[in-house]
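Notes for the one structure printed next.
This chain uses plain numbering: 1 for the first residue, then up along the sequence. Every number for a ligand or one of its atoms is a count from 1 in the order of the listing.
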Amino acid sequence: MNAEHASDTPNLPDLPALPETSTEARKQHAEISDRIRSFNEAYYINDEPLVPDAEYDALFNRLIELETHYPTLKKNSPTQEVGAAPADGFAKVKHSRPMLSLGNAFSREDIVDFLSRIRRFLSLTAHSPVEVVGEPKIDGLSLSLRYENRQLVTAATRGDGSEGEDVTANVAHIGDIPQTLPDDAPDVVEIRGEVYMARSAFQKLNEVQAAANAKTFANPRNAAAGSLRQLDPTISAKRPLRFFAYSFGELSESLAQTQWDFLHKVEGWGFVTNPLTRLLNDADEIMAFYEDLGKQRPDLDYDIDGIVYKVNDFELQLRLGFVSRSPRWAIAHKFPAEQARTRINAIEVQVGRTGALTPVARLEPVTVGGVVVSNATLHNRDEIERLGVRVGDMVVIQRAGDVIPQVVEVILDERPDNTVDYAFPDHCPKCNSHAMREEGEAVTRCTGGLICPAQAVERLKHFVSRNAFDIDGMGAKNVEAFFDKGWVQSPADIFRLEDNHADEIRKLEGWGEKSATKLFDGINERRTIGLDRFIYALGIRQIGQATAKLLARHYTSIGQWRAAIVDANQADSDALRELINIDQIGPGVAKDLIEFMAESHNKDVLDDLESVLNIQDVEAPQVSDSPVNGKTVVFTGKLELFSRNEAKVKAESLGAKVAGSVSAKTDYLVAGPGAGSKLKKAEELGVTVLDEQGWLDLVATA
Ligand code: IVH
């Protein structure tokens with residue numbers, strides 16, 4: 001998580017008081033850990049940050065503080081993890097060397113401390129020079145590229161630092177990434193660096209997306225992440241991604257003795273390194289470089305959020321080593337968020353999936369650090385009061401690169417005469433139910449539950465989204481349209497659309513026989529779903545993908561899960577103890593889950609869904625001796641002996657990965673009649689090709 005210095009961003013969360021007993025400390029630690037994990041998941045997996053950096057940092061620092069007093073809390077703490085586990089849908093890649101993160105510095109004092117720590121550790125005298133390389137800290141996503149025998153074999157995202165996602169097919173079109181290395185390169189080389197999107201390219205992409213009524217991105221980092229982490233590589237190929245190389249993982253031979261020489265070496269191999277990189281000798285030079293780069297920052301065509309300083313000499317780096325998640329030999333010197341002035345034209349209140357009311361300022365469009373901004377979040381009622389903001393005010397806004405722009409302050413001298421205090425609604429703007437604020441919570445929530453159309457529609461959008469049911473042809477726009485017509489009010493209605501509204505859908509503007517059939521096929525393909533995705537799709541507060549997976553693995557079937565959560569609604573019950581004892585599930589998550597299950601309309605929704613779906617048990621699969629375990633299989637052509645979905649489910653249950661396109665990593669191509677380009681490619685690559693019966697014979701032995 002990119003962290004801005006707390007003092008740059010004034011709206012810090014109200015942290016609870018420091019606990020006085022170890023029981024309280026454990027409770028507070030579990031609650032904050034839950035929140036941090038859901039923030040991590042939103043940021044690293046869904047590319048949608050939930051909170052400003054300062055708020056994240058304050059909570060993270062509280063965890064560290066608690067762990068200093070009670071060191072046993074460190075076990076299973078988010079402070080010991082980097083990022084979030086990789087998402088479903090991509091093959092996993094284990095990093096040969098972990099991909100770690102960096103400690104942060106915000107001031108000259110922090111830099112002086114960094115240099116002194118290094119000198120002390122190396123037993124150098126107080127003023128002996130420590131040469132560092134200063135590199136702009138690119139605000140993108142880190143990527144590890146593995147070359148074997150000078151051929152690119154895998155490209156992997158960072159993931160949780162030890163295991164990332166395989167995005168090899170998606171980097172094939174990034175011109176800054178060489179597919180082969182020259183003859184003088186060693187047999188095993190891993191180059192690491194940052195994938196990013198230029199500001200100009202981001203602006204253009206958003207224009208194209210908007211014109212096509214497709215999803216636009218909040219900032220270049222999200223656009224880069226969304227483009228790289230595409231399950232369909234043909235979409236990635238169309239997105240203008242770039243790459244700066246800055247580090248390495250495994251090497252079969254050393255490439256250089258210093259970071260500076262390493263950068264020049266890989267430049268000679270065709271990688272792009274950042275042209276603003278400098279060699280620096282002391283705190284004065286570092287601060288001068290920081291000031292200088294800070295001035296250039298608004299004019300660069302890419303986002304940078306700081307400077308990374310790395311001890312130049314690799315031998316010294318080796319001696320310095322690491323402290324928990326970060327190297328002792330490097331630090332990130334963060335820039336404050338970029339700011340601009342503009343006027344607030346309106347304040348609108350949005351209603352989210354869990355009923356949270358979020359005020360959003362509609363702004364006179366303004367460029368902040370190279371990106372045009374026209375909306376900024378005002379977070380909640382307290383924030384509006386704290387800022388004293390009114391419609392019509394001139395304000396300072398800031399963009400911290402990876403979060404939604406925020407309003408920082410009101411310029412009172414420029415307040416027009418006719419403005420009035422903003423009255424935060426005490427009713428939901430969508431369903432008019434009473435809006436309430438729970439004690440100790442910052443958010444005001446609509447109490448309408450499922451009668452609130454905004455909540456219902458947001459839940460439905462979540463239900464069909466990529467990491468949930470991932471229904472082809474059922475994007476946010478169609479969900480809204482079908483909801484407005486009254487055809488899809490609750491999730492199970494989606495699976496009754498074909499029976500109840502097929503003719504009406506075919507007659508809708510822009511629809512026809514073909515598109516309707518495609519939609520129904522997409523829906524039918526998802527009637528069978530794993531328990532983990534199912535739980536995630538319900539959109540229960542705080543239950544992200546990772547938690548859903550934990551629950552599914554623990555309870556294994558929908559029946560057992562539902563029964564256990566109902567039983568856990570008894571204080572002091574075994575079921576409650578069992579739930580809280582699941583590694584990484586704290587009392588806060590347990591409470592939200594139990595409340596969800598106790599709500600009668602949620603019970604109805606679950607019963608209804610169970611009647612239209614086949615929710616598969618999640619069990620530790622005993623697949624190690626299956627003939628296709630660990631193999632990658634692609635199905636193509638018109639399948640006649642089984643459906644594509646049936647084949648996929650079978651293959652996956654036997655431990656195989658089912659991919660959409662053929663590559664050198666494909667083990668089997670199963671080709672039905674009429675197979676075309678995939679068959680040709682498989683033959684060129686020497687991939688084993690089976691017909692449908694051949695596949696059935698192969699798996700029959702399992
Ligand atoms: S070095 C062990 N150099 O910042 C240190 N990181 O907070 C490895 N980043 O995950 C990282 N520019 O995504 C390094 N010139 C640079 C960088 C850089 C951007 C990102 C990277 C990393 C994060 C660390």
*Sequence-distant partners of Q28, side chain to side chain donor-acceptor pair (under 3.5 Å), two or more places apart*: R62
*Provide the number and element of each atom of ligand 1 under 4.0 Å from a heavy atom of S142.*
10 (O), 13 (O)
*When you look for heavy atoms under 4.0 Å from ligand 1, do you find them on the side chain of S247, its backbone, both, or neither?*
neither
*Is it the side chain, the backbone, both or neither of L102 that has a heavy atom closer than 4.0 Å to ligand 1?*
both
_Heavy-atom nearest option to atom 4 (O) of ligand 1, drawn from R97, Q317, K334, K137_ = K137
*Where on A330 is there a heavy atom closer than 4.0 Å to ligand 1, on the side chain, on the backbone, on both, or on neither?*
neither
*From Y246, F244, Y196 - option closest to atom 11 (C) of ligand 1 by heavy atom*: Y246
*State, without any angle test, whether E383 and Q406 hold a side-chain donor-acceptor pair at a distance under 3.5 Å.*
no
*Can you sort out which atoms of ligand 1 are near P136, meaning under 4.0 Å from one of its heavy atoms?*
12 (N), 15 (N)
*Assess the side chains of D301 and S200: does a donor N or O sit below 3.5 Å from an acceptor N or O?*
yes
*Under-4.0 Å salt bridge between E190 and R192*: yes
_Whether R146 and E250 form a salt bridge (side-chain N of Lys/Arg under 4.0 Å from carboxylate O of Asp/Glu) is what I want to check._
yes
*P327 to ligand 1, any heavy atom closer than 4.0 Å*: yes
_Ligand-residue contact atoms, ligand 1 with I138, heavy atoms, under 4.0 Å_ = 12 (N), 19 (C)
*Is it true that atom CD of Q179 has more than 12 heavy atoms of other residues, nucleotides or ligands lying nearer than 6.0 Å?*
yes
*May I ask which of E135, M99, E194 has a heavy atom nearer to atom 20 (C) of ligand 1 than the others do?*
E194
_Side chain, backbone, both or neither: R192 near ligand 1, heavy atoms under 4.0 Å_ = neither
What side-chain donor-acceptor pairs closer than 3.5 Å can you find for residues 313-321, not counting sequence neighbours?
| from | atom 1 | to | atom 2 | distance (Å) |
| --- | --- | --- | --- | --- |
| D313 | OD1 | E315 | N | 2.8 |
| Q317 | NE2 | V311 | O | 2.7 |

*If you measure from each heavy atom of G140 to ligand 1, is any distance below 4.0 Å?*
no
*Let me see the working for Y196 and D176 under side-chain hydrogen bond (donor to acceptor under 3.5 Å, both in side chains), right down to the final yes or no.*
CA-CA 11 Å; Y196 67 98; D176 296 342; 4.8 Å; no
